[in-house]
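Below are the structure tokens for one structure; questions will follow.
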Protein chains: 2
Amino acid sequence: MDVTAPAHRLSAAVSAASRLLPSRAGLRLQADAAGLTVAGAASDLAVRFGCPATTHTDGSVVVPAAPLVETLKVLDSELVRLVVEGTRLALRLDNARFALPLLPAASVLADPPAQVSSVDGAAFASALRIVAGTAAKGDPLPLFTGVRLQASGSRLTLTASDRYRMAVARLPLSSPGTLDVLVPAALLAEAARQARGRVGLHAGPGRFGLSWADGLVATAVLDAGFLSEDSIPSAAVDTRVTLQADTLAAAVRRVGVYAEDRRVLTLEVGDAQVRLASARQDTGEAEELLKADVDGGRTSPSFQARYLLDALAAFAGERVVLSIQPGMRACILRAAEGGEVELTYYLMPMLSR
Amino acid sequence: MDVTAPAHRLSAAVSAASRLLPSRAGLRLQADAAGLTVAGAASDLAVRFGCPATTHTDGSVVVPAAPLVETLKVLDSELVRLVVEGTRLALRLDNARFALPLLPAASVLADPPAQVSSVDGAAFASALRIVAGTAAKGDPLPLFTGVRLQASGSRLTLTASDRYRMAVARLPLSSPGTLDVLVPAALLAEAARQARGRVGLHAGPGRFGLSWADGLVATAVLDAGFLSEDSIPSAAVDTRVTLQADTLAAAVRRVGVYAEDRRVLTLEVGDAQVRLASARQDTGEAEELLKADVDGGRTSPSFQARYLLDALAAFAGERVVLSIQPGMRACILRAAEGGEVELTYYLMPMLSR
């Protein structure tokens, strides 16, 4: 193998692949007339990224990911040449040589499953950032660590929950398609960070994949049942509060300083205003009044500050409607004005003191 | 007490005081015709910061630092009013109230020791950033956790070492003064970060202090002997290498990826060039050639990458001269062109493989 590639493009491809793979995985570099392909596989996961390159001699090698990523990140050269020299892959610059040991060739990557439909990459990434952020990290039940992707007609629905809140995002599909899978949230979030342009949705028996111009990620789906927003009662809404999400979030941050360890705040809904309040034995108490459009009766649900901030961050820059139900029923957050991505965020209240 | 202060100025004063004090210390706020003073004390340490304010009623209270710092940091108001209300200090805005419990009054702050001389704050801060960074964090011997400050004639000398390297900085004093103290490095580094304008140097029996326009820090000195660069042999220099510090640092970062666990690199000095080299069993090997002005014979000292990078960072943006001695004697780094702060950095070589 002997190939010359733009250093920053190769660095981006190699970093992207290594972030998606387990830390000890090797990377396969393949050079041919089409350029350079960076690929990796681990248990049920496969990733592939393309990089433009001028190939002098075709070839394919597997090298350790970490030193390759680190070296490319700190090169200050425009081009880098990769040459196999005996048992080494040498990265050559005019005045420097970095030589990586070759690893045994890894298993061949399976082809991705068939494409079902596609979505706009930017809308998908922004929806997924919020929904995947709602999944639990390391919950013993896999159900709460995944994002459910459902395609039905021309609409894709993303759902995730960690039991305390649930986010549901809907966005348009380019063409009707059918899909219903539960996919690891952490992997999806990372893939969405890297995808751009139109993103293809792929599915086959037990597998799911995403593809875009020069990248591909395929993974086994989680076999753990499905989350559904139908399980959350929402018919008892009796109060609606509308205000700027960022204004409420800033007040939550200030008043939250004075909340007890669990950081529970009370949102007292009055006439045309809400009063955020908290108290803590050792640090005193705080209250802040905010103007708001209020429709309905007086009520004072309590929330954990951290969860309320997460929910409000999903509506940053927008006016948000909080639909409040009596008792221990979820508060439902939606944007006051609709956009391309339609987001519903369910937040469980806390027992107040 | 009843006083109105600009929120961001008060926030800066309160944050500065709390960063210098142990985490559980209370802060004393005192309001009078001169404005608001934020002060704190802990064991041998005393800090004081001024803040402009309009005092409606004189007074003095002690409150917990953490919630005060946190609240002021996230206020988005221009002014904040502080009023004592029963057992609380209330921070009042138009639409919000944050109430802190009052703590028992702390011990009275001792006056700072007498001023010995003063230095330019910017030069002092930049010298101290490098020298204090060379002291050890948490060494069992206090000698290696301090910075020695010596005033002699019109020159201040700062010295620190963690046994593996030593930094010595010299800068002009505004007026002749005498001083020779060892002061905790971490505290000095933080104080220098906050000092501006002219900085007064204060000393009295067993105590040292720094003062500037609206701030003061006084502390007990370390009683642990003194560091001296005279203890480092420097007469055997037989090779001098001059090059851009940043160019060498960038190459150290790249080649260091391939160094063994202790990250030892070899600097092979040749004719008009140096060759940086490293090798590691599992990740391959690397070498990089750099042009340099070389005066003297061929030699190849080895250094730990991290320490070499720290040393080179002290000369960022400058050409640096490495004066190399044979055997296990220190390499001496100095700027090729002098500035207001005259810095000498001694770096111990490592046994190479």
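Sequence lines set the chain letters: A, B, ... in the order given, protein chains first and strands last, and positions in each chain run from 1.
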If you count heavy-atom pairs under 4.5 Å between each of B:Lys291, B:Arg254, B:Gln273 and chain A, which one has the most?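 Between B:Lys291, B:Arg254, B:Gln273, the count favours B:Arg254.
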Between B:Tyr345 and B:Ile130, is any pair of side-chain heavy atoms under 4.5 Å apart?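 Yes, close enough: below the 4.5 Å cut-off.
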Can you name the one residue among A:Leu10, A:Val47, A:Leu68 that meets side chain to side chain contact (heavy atoms under 4.5 Å, CB included) with A:Val38?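 That would be A:Leu10.
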Decide yes or no for A:Glu285 and B:Arg88: does some side-chain heavy atom of the first lie under 4.5 Å from some side-chain heavy atom of the second?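 Contact flag for A:Glu285/B:Arg88 side chains = yes.
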Checking heavy atoms, do the side chain of B:Asp94, its backbone, both or neither come under 4.5 Å from chain A?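 For B:Asp94, no heavy atom lies under 4.5 Å from chain A.
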For A:Arg319, is the CZ atom crowded, meaning more than 12 foreign heavy atoms sit under 6.0 Å from it?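 Counting other residues, nucleotides and ligands, CZ of A:Arg319 exceeds 12 neighbours.
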For B:Val63, is it the side chain, the backbone, both, or neither that has a heavy atom closer than 4.5 Å to a heavy atom of chain A?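 Answer is neither: B:Val63 stays 4.5 Å or more from chain A.
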Chain B contact via A:Leu75 - side chain, backbone, both or neither, heavy atoms under 4.5 Å: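 Both backbone and side chain.
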Among A:Ala251, A:Ala66, A:Ala96, which residue forms the greatest number of heavy-atom pairs with chain B at distances under 4.5 Å?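 Winner by heavy-atom pair count: A:Ala96.
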With a 4.5 Å limit on heavy-atom distance, are the side chains of B:Val14 and B:Phe49 in contact?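 No; the side chains remain at least 4.5 Å from each other.
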